[in-house]
Participant: 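Take this structure, written in structure tokens, and hold onto it; I'll ask about it next.
Note: hydrogens, waters and symmetry copies are ignored here, and every other heavy atom, side chains too, is used.
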Amino acid sequence: ACALCMPEIFPSRSVGLMFAAAYGLVRAMHIVLFVVAGGDAPGLRRSALQIAVPSAVAIGLVVLAVLSSGWVCAALWCVAVALDLAGGLI
């Protein structure tokens, strides 16, 4: 999560896009593992699915942030971090 707070650490767009793809893969696997581990527990399965949509949107915002610059980039990063951290509460 700390790397999400520092968009300027990426030396190029390709590195930023690789980070976004890797982060998306990790978040997707996290959610899949929650669903699989939930088994017959509907509460855990529901919780995992509730964080899936905000996580997907946050990853999309990270990609847009990597492709933008200036205050737009910073704003997108801030919204992505907030959405990913608070996604389960929404």
Participant: To the nearest 0.5 Å, what is the distance between CG on L83 and CG on L76?
Facilitator: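 Answer rounded to 0.5 Å: 11.5 Å.
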
Participant: Roughly how far, to the nearest 0.5 Å, is OG of S55 from CG of L85?
Facilitator: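 Result: 10.0 Å between the selected atoms.
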
Participant: Please set out all donor-acceptor pairs under 3.5 angstrom arising from side-chain atoms of residues 62-72, sequence neighbours excluded.
Facilitator:
| from | atom 1 | to | atom 2 | distance (Å) |
| --- | --- | --- | --- | --- |
| S68 | OG | L64 | O | 3.1 |
| S68 | OG | A65 | O | 3.1 |

Participant: Should the pair H30 and F34 be assigned to parallel (<30°), tilted (30 to 60°) or perpendicular (>60°) ring geometry?
Facilitator: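 Because their plane-to-plane angle lies in the 30° to 60° range, the rings of H30 and F34 count as tilted.
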
Participant: Identify the heavy atoms of I31 and A52 that sit nearest to each other, and give their distance.
Facilitator: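 Smallest interatomic distance, heavy atoms only, reads CD1-CA, 3.5 Å.
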
Participant: Taking all non-hydrogen atoms of both residues, which atom of A48 and which atom of I51 are closest, and how far apart?
Facilitator: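 The pair with the smallest heavy-atom distance is O-CG1, 3.1 Å.
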
